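All figures in this text were calculated on a predicted structure; none of them were measured in a lab. Here, residue 1 is the first one in the sequence, and each next residue gets the next number.
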Amino acid sequence: MTAAQLVPASEARADIPSPEITELIDLNDVMTAAALPTSGLITVEVNTDGTVSFALPRTEVGQGITTSTAMLIAEELGIPLSRVHITLAEARPELLFNQLTGGSNTTFATYTPIRVAAAVARNRLLQAAATEWGTAVTELSWEAGLVTGPGGRSADMGDLSPKAARARTEEVSVSLKPRDMFTVIGKPHNRVDAHAAVTGRKTFTLDLKVPDALPTMVCRPPTINGKVGSVSNLSEVRAMPGVTDVVVISTGVAVRATTFGRCIDAVRALRVSWQPGSAEGKSDESVLAELRAAELPMGLPSVTPNVEERFTFHFRSNSALEPNCAIADVRPDRAEIWSSLKAPIVAKQAIATKLGLPLGAVTVHVTEGGGSFGRKLFFDAALEAVEVSRRIRKPVKLMWHRADDARQGRTHPMATSRVRISYLGNTVLGYRQRHTSVSTDLSHGLGEIFTALAARLPVGDIGFSETFFQLSQSMPYDFGANSRLLSETDKGFNTGSMRNVYSPDVTCARELLVDRLAGKMGKDPYRFRHDFLREDRGRAVLDKAAEAGNWGRSMPAGTAQGIAFHSEYHSASAVLVELDCRPETVDRPVRDGVAGPRVTKAVIAVDVGLAVNPRGLEAQMMGCLMDGIALTLTSSLHLRDGHFLEASWDNYFYTRQWNTPPELRVIVLPPSTGKPGGAGELGVAASMAAVACAYGRATGTMPTVFPINHGTLSFEPKPTVPPIPASPTDGLDHVR
């Protein structure tokens, strides 16, 4: 095989004077800059059978990056997509910040490095053919991986691969294919893993056959982060059928058995005395009081007319379809771990520290994941699996129950957002937003990036969360002097960077006040946004959504349209929805659930610069819309007496079929720049805000608490002891 490495050229930077920090540098730019120094360590390998292999230093969790990566390589090598095989790289500490998946950064950061590596490989193959045939490279042609030379000579790139391989590192220059010659990039492609996914051949963590790694689960405390006091029946549970080991660990009592069913039986049988947790006695009401007390002041009252409101956003789950899971085999002198990890280097370092092993003695295999939405930036399951394996000296295949993740897993923090917009006549004079949140845990690697690049960030001496906040939020409207500040409180909860992090709440609050301000000025909400947007790209997506969605059409009472805008990471999105809030819709009977309003139509317009795979982008936007509907209407956790009441999908109401729009259109605008912008999270904030704005117009009352159905507890909470609910004995009676 031949391996081509990218050695980055010296970095160039053009500072753009602007009152908006994100126009100078945003979170995506920071992550890309952090990854650049080690981009030369990625390799594209051409195999002797004519296929191409690439170990992607990011994690595929359903977002389609293995497909877009294969497209980049196929484009530069001019070969069919079927000849490119993408795997996931193991944890490689030498990559530093180049192996962190998040912030819609993968395609943004790897677009050029991967293409360059493929182009270097192509050049080496051409040079090998030229040397072999005693001719100049300029006399050779390349088509579909076949090199042709004078006299009718030809060779496939696989045959040339051994001759092109080099052991030494050298500086080379390459020319990338110009955009007007693209035949792969920018064209819609199905996912390269689609067939494997729908036929059950795709391999996830729990599909792996690691010798002697038996199913393992944990009996967890009844309140958040409670600790084991004592266990009264350890010997009895150890003697249960199929149980091989029962051991107390830092997060509960771990059970290893021959099947997960027997693990569940054992967990339910354990009698544990628990010590208090980190959120003992807390409830939605008490946390809301903490947030109110931690709010930063809005400043002096406005002397001109203004609109002002405070919004509340309750705790929400990450909702990844795949349960948290990991396999660990810990020996006295080494450890091997398999898990879907978006920050595998940080995980490897944490595991080595926990075990007291040298970093080189720990191997972390990155597996594909079934969903993430920020959840897999954390490696809780891997740390638990390592702890159990070390204690019992046996391999384990650990899985969290869905009740575990709802009640003890990572949540999107509860928050409030207070917004004030001052105006005079038809001029907006100023915008202030004070966002207050339960602390967001950023210990997954982003904090280290901020520390490493601190001297280059235009944010002064502020904390990790405030840096993240300032680099991910922007003001797209010409609203005069504006400021957005974050205040965080209460570190007693297990939180995480849920998809789009702060943006859904911040943007939803802003867009609702924009609707109210438009009403005060006597202007149409769409036209008001159009007139105040600062950039042509923003106006273009807004106009496209309004046009395709037939904005302003006559609708029955109790129904309405909503429109909203959000921009981030050099991309822009606008969403138009139609919402049915009529009683016959809201009061539809749903067993143990609340139907609520229904989105009947949605149009999403996006400009991501250059869309590598428009079909994959459409799928991303569909998922963003489902997130937005959930966050506005149904999706939340209820905190009571130090624990969350939800215990699984049957009572955590992510968007259900009854709330999805029967009419949905995603419009990808033509390329507006020469490279991709961020896309993975782009549509969540605008979708949430559009649904909220539609609700306000349909009911005549602007919503201020989210989700709007949080106040209705539609189910009977499951017990917290035992922590895992009993499984249904007749699946047909429980199909939803």
* **side chain to side chain donor-acceptor pair (under 3.5 Å) between Asn47 and Thr51, worked out** => CA-CA 5 Å; Asn47 306 308; Thr51 61; 3.1 Å; yes
* Test item: Asn28 side-chain N/O and Ser104 main-chain N/O as donor-acceptor pair under 3.5 Å -> yes
* Which value, rounded to the nearest 0.5 Å, describes the distance between Leu140 atom CG and Gln127 atom CD? -> 9.0 Å
* Asked: Between Lys177 and Glu76, is there a side-chain N and carboxylate O pair less than 4.0 Å apart?
  -> no
* Given Asp627 and Tyr654, is the side chain to side chain donor-acceptor pair (under 3.5 Å) satisfied, shown in steps? -> CA-CA 8 Å; Asp627 280 355; Tyr654 186 78; 2.4 Å; yes
* Looking at side-chain heavy atoms only, is the closest gap between Leu100 and Lys342 below 4.5 Å? -> no
* Taking Asp607 for its side chain and Ser571 for its backbone only, find out whether a donor-acceptor pair lies under 3.5 Å. => no
* Could you walk me through whether Thr148 and Trp142 pass the side-chain contact (heavy atoms from CB on, under 4.5 Å) check? -> CA-CA 6 Å; Thr148 304; Trp142 175 288; over 6 Å; no
* Could you walk me through whether Thr205 and Thr367 pass the side chain to side chain donor-acceptor pair (under 3.5 Å) check? -> CA-CA 6 Å; Thr205 302; Thr367 61; 2.7 Å; yes
* Between Thr22 and Leu471, which heavy-atom pair has the shortest distance, and what is it? -> CG2-O, 3.5 Å
* Look at the side chain of Asp193 and the backbone N and O of Ala196, then say whether any donor-acceptor pair between them is shorter than 3.5 Å. => no
* To do: Answer yes or no: does atom CD of Glu94 have more than 12 heavy-atom neighbours from other residues, nucleotides or ligands under 6.0 Å?
  => yes
* To do: Kindly indicate, with the supporting measurements, whether the criterion salt bridge (charged side-chain N to carboxylate O under 4.0 Å, His left out) is fulfilled by Lys376 and Glu322.
  => CA-CA 10 Å; Lys376 289 179 170 61; Glu322 179 188 33; 3.4 Å; yes
* Salt-bridge contact Glu618-Arg615 (side-chain N to carboxylate O under 4.0 Å) -> no
* Inspect the contact between Lys348 and Glu90 and indicate whether a charged nitrogen and a carboxylate oxygen are less than 4.0 angstrom apart. => no
* To do: State, with a plain yes or no, whether a side-chain heavy atom of Pro93 is found less than 4.5 Å away from one of Leu359.
  => yes
* Asked: Just how far is it from atom NZ of Lys187 to atom CE of Met71, taken to the nearest 0.5 Å?
  -> 8.5 Å
* Without swapping roles, check the side chain of Trp338 against the backbone of Phe204 for a donor-acceptor pair under 3.5 Å. => no
* Sidechain N-carboxylate O distance under 4.0 Å for Glu23, Arg534 -> yes
* To do: Find the distance between CZ (Arg179) and CD1 (Ile185) and round it off to the nearest 0.5 Å.
  => 10.5 Å
* **Neighbour count above 12 (heavy atom, 6.0 Å) for Lys675 NZ** => no
* Is there a side-chain contact between Leu206 and Lys397 (heavy atoms, below 4.5 Å)? -> yes
* Asked: Are Asp543 and Arg537 within salt-bridge range, i.e. N to O under 4.0 Å?
  -> no
* Is a side-chain N or O of Arg124 found less than 3.5 angstrom from the main chain of Ala119, in a donor-acceptor match? -> no
* Pair Arg410 + Asp380, salt bridge at N-O below 4.0 Å -> yes
* Quick one: does Arg191's side chain have a donor or acceptor within less than 3.5 Å of a partner on Ala197's backbone? -> no
* Asked: Between CD1 of Ile65 and CZ of Arg58, what distance do you get to the nearest 0.5 Å?
  -> 8.0 Å
* Answer whether the closest heavy-atom distance between the side chains of Val52 and Glu45 falls below 4.5 Å. => no
* **From OH (Tyr111) to OG (Ser68), nearest 0.5 Å** => 11.5 Å
* Asked: Counting only N and O atoms by type, is there a donor-acceptor contact under 3.5 Å from the side chain of Thr507 to the main-chain atoms of Pro504?
  -> no
* Side chains of Ser573 and Ser567: closer than 4.5 Å at any heavy-atom pair? -> no
* To do: Indicate the ring-plane relationship of Phe108 and His570, choosing parallel, tilted or perpendicular according to the 30° and 60° boundaries.
  => parallel
* For atom CZ of Arg665, decide whether the heavy atoms of other residues, nucleotides or ligands shown that lie under 6.0 angstrom number more than 12. => no
* Please determine which of Thr110, Thr112, Ile25, Asn105 meets the side chain to side chain contact (heavy atoms under 4.5 Å, CB included) test together with Thr32. => Asn105
* **Between SG on residue Cys624 and CD1 on residue Ile604, distance to nearest 0.5 Å** => 7.5 Å
* Considering only heavy atoms from C-beta outward, does the side chain of Ile629 approach that of Leu625 to under 4.5 Å? -> yes
* Asked: Hey, are the side chains of Val147 and Asp156 touching, using non-hydrogen atoms and a 4.5 Å cut-off?
  -> no
* **Validation row: Ile667, Leu669 side chains within 4.5 angstrom (heavy atoms)** => yes
* Is the centre of the Phe54 ring less than 6.0 Å from the centre of the His85 ring? -> no
* **Audit row: Val606, Met621, side-chain contact (heavy atoms from CB on, under 4.5 Å) steps and yes/no** => CA-CA 9 Å; Val606 295; Met621 293 305 107; 3.5 Å; yes
